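Below is one structure; the comments refer to it alone.
Everything numeric in this text was worked out from a predicted model, so none of it was measured.
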Amino acid sequence: MVSIEVWNPNGKYRVVSTKPMPGTRWINLLVQQDCRVEICTEKKTILSVEDIIALIGNKCDGVIGQLTEDWGEELFSALSRAGGKAFSNMAVGYNNVDVNAANKYAVAVGNTPGVLTETTAELAASLSLAAARRIVEANEFMRAGLYDGWLPHLFVGNLLKGQTVGVIGAGRIGSAYARMMVEGFKMNLIYFDLYQATRLEKFVSAYAEFLKANGEEPVTWKRAASMDEVLQEADLISLHPVLDKTTYYLVNKETLSKMKKEAILINCSRGPVVDEVALVEHLRQNPMFRVGLDVFEDEPYMKPGLAELKNAIVVPHIASASKWTREGMATLAALNVLGKIKGYPVWFDANKMEPFLNENAPPPAASPSIVNAKALGLPVSKL
């Protein structure tokens, strides 16, 4: 038996959430539409396939799950047998979902884009500053009672102003991060992406004009012809690519050797973009090279040696962990499931989530984002 908390016990549709999620708006939106909401309250961090099958039971209309769970053939067949037609990840990524299996059982798969951009970029910026100014090391030093007076050499770090920030992958999050670093710290930008980031380039050019008009040194931008160019020129590098065959171990022994000896590397994308064993070795050999990591190759584990290194800042996959974002993710996941249950169309633009997030108005009658809408032939809203 798995422990659960039940809202609106007499609701017509049964919706299960495998975890308690932030906020109550998502619960209220489901309850208002006649759903019985069951929230799993088990103390286990990650539920097994067996746990989730027990939760689904023999009648379930939809499930809200987490990216730590293995959603494949077994779970989609169990959900389908229980009459379920909808599943949503409370995440933008869905590496944990076998979409083909979902298609086979005609289960809609939802995700939660459009609410993580600024929050994730802000964490990448936070790690950049923490690494540049050695904040975590300094904090530990202070707490250990080692501070006995000001010294000229104590925790000397890097000034970001006038240095070059390198962004690998200038999509929504990469571009938002680049803007923060350029505008906030007057850094010059070099980026590498298969597509031209026109809006980002225009923004940096306009900011440069603004600085020039005020008698300040203008910032510059450059679109690199190769990733190597970014590695060689940037003082601070942030990784924002998608994870696929071409970006697996994008950062490895060879690419690390091309970076400046005192560079800073940030990863808030996906763990396997970095060869963590090679990174540990590089950090050991280059004490002035620093890294800020939010994701790991083999989560929740770190490769041996990483935890002991003073020049590494490690946080537990918290890039999306702002109150607004996490509550928004819960809302979108719930509305993905609700929309499918109610037979609503799919929202026309997964990047325009604002109408669903406005707490002062009822959300549109649509599923915000269904990744397999085309495969299932679901109608798209014309709103």
### CG on Leu47 to CG on Asp70, rounded to 0.5 Å
12.5 Å

### Polar contact flag, side-chain donor to acceptor under 3.5 angstrom, Asn311-Arg134
no

#### Entry: Between CG on residue Asp193 and CZ on residue Arg223, distance to nearest 0.5 Å
7.0 Å

### Message
Assess the residue pair Val274 and Glu297 against the criterion (side-chain contact (heavy atoms from CB on, under 4.5 Å)); give the C-alpha distance rounded to whole Å, side-chain angles, the decisive distance to 0.1 Å, and a yes or no.
### Response
CA-CA 7 Å; Val274 175; Glu297 194 182 325; over 6 Å; no

### Query
Phe203 ring centre to Arg179 NZ or CZ under 6.0 Å, with the angle to the axis within 45°?
yes

### Task
Decide, yes or no, whether a salt bridge links Glu38 with Arg14 under the criterion of side-chain N to carboxylate O below 4.0 Å.
yes

### Short N-O contact, Lys186 and Glu216, less than 4.0 angstrom
yes

### Query
Quick one: do Lys253 and Asp275 make a salt bridge, cutoff under 4.0 Å?
no

### CZ (Arg133) with more than 12 external heavy atoms under 6.0 Å
no

### Query
Once the angle between the rings of Phe76 and Phe87 is folded into 0 to 90°, is it parallel (under 30°), tilted (30 to 60°) or perpendicular (over 60°)?
perpendicular

### Polar side chain donor-acceptor pair, Trp347 to Ser367, under 3.5 angstrom
no

### Identified side-chain contact (heavy atoms from CB on, under 4.5 Å) counterpart of Phe185 within the set Leu160, Val219, Leu236, Val165
Leu160

### Query
Looking at Lys104 and Glu73, does any basic side-chain N land under 4.0 Å from a carboxylate oxygen?
yes

### Query
Should we count NZ of Lys258 as having more than 12 external heavy atoms under 6.0 Å?
yes

### Query
Given Val115 and Trp324, is the side-chain contact (heavy atoms from CB on, under 4.5 Å) satisfied, shown in steps?
CA-CA 8 Å; Val115 277; Trp324 181 84; 4.0 Å; yes

### Message
Between Phe155 and Phe141, does the ring pair (Phe, Tyr, Trp, His ring centres under 6.0 Å) criterion hold? Intermediate values first, please.
### Response
CA-CA 10 Å; Phe155 295 110; Phe141 178 85; 5.1 Å; yes

### Query
Can a donor-acceptor pair be found between the side chains of Tyr344 and Ser381 at a distance below 3.5 Å?
no

Taking only distance into account, with no hydrogens and no angle test, what donor-acceptor pairs under 3.5 Å do side-chain atoms of residues 119-127 form with protein atoms, sequence neighbours excluded?
{"from": "Thr119", "atom 1": "OG1", "to": "Ser322", "atom 2": "OG", "distance (Å)": "3.1"}
{"from": "Thr119", "atom 1": "OG1", "to": "Thr325", "atom 2": "OG1", "distance (Å)": "2.5"}
{"from": "Thr120", "atom 1": "OG1", "to": "Leu116", "atom 2": "O", "distance (Å)": "2.8"}
{"from": "Ser126", "atom 1": "OG", "to": "Glu122", "atom 2": "O", "distance (Å)": "2.7"}

## Note on the structure
To the nearest 0.5 Å, atom CG of Leu309 lies from atom CZ of Phe289 at 12.0 Å

### Message
Tell me whether the count of non-hydrogen atoms from other residues, nucleotides or ligands lying under 6.0 Å of CE in Met142 goes above 12.
### Response
no

#### Entry: Ionic contact status for Glu209 with Lys212, cut-off 4.0 Å
yes

#### Entry: Lys222 and Glu229: CA distance, side-chain angles, deciding distance, salt bridge (charged side-chain N to carboxylate O under 4.0 Å, His left out) verdict
CA-CA 10 Å; Lys222 175 161 104 175; Glu229 205 179 329; 3.1 Å; yes

### Query
Taking atom types as modelled, is there a side-chain donor on Arg326 or Ser320 under 3.5 Å from an acceptor on the other?
yes

### Query
Just checking, any donor-acceptor pair under 3.5 angstrom between side chains of Asn111 and Asn89?
no

### Query
Is any NZ, NE, NH1 or NH2 atom of the basic residue among Asp34 and Arg36 found under 4.0 Å from an Asp or Glu carboxylate oxygen of the other?
no

### Message
Can a side-chain donor-acceptor contact be found between Arg81 and Asn58 if the only test is distance below 3.5 angstrom?
### Response
no

### Task
Could you tell me whether the side chains of Gln66 and Thr18 share a donor-acceptor contact shorter than 3.5 Å?
no

### Task
May I ask you to check whether Thr246 and Asp244 show a side-chain donor-acceptor distance below 3.5 Å?
yes

### Task
State whether the side chain of Tyr191 and the backbone N or O of Ala197 hold a donor-acceptor pair below 3.5 Å, judged by distance alone.
yes

### Query
Counting only heavy atoms not in Arg199, do more than 12 sit closer than 6.0 Å to its CZ atom?
no

### Message
Whether the Gln33 and Tyr13 side chains hold a donor-acceptor pair (N or O, under 3.5 Å, no angle test) is what I'd like checked.
### Response
no

#### Entry: Separation of Glu308 CD from Met302 CE (nearest 0.5 Å)
8.0 Å

### Query
Hey, is CZ on Phe296 packed in by over 12 heavy atoms from elsewhere, all under 6.0 Å?
yes

### Message
More than 12 heavy atoms of other residues, nucleotides or ligands under 6.0 Å from CD of Gln232: yes or no?
### Response
yes

### Query
Is a side-chain N or O of Thr247 found less than 3.5 angstrom from the main chain of Val242, in a donor-acceptor match?
yes

### Query
Between Asp61 and Lys85, is a salt bridge (charged side-chain N to carboxylate O under 4.0 Å, His left out) present by the stated rule, with each step listed?
CA-CA 6 Å; Asp61 296 283; Lys85 286 281 174 275; over 6 Å; no

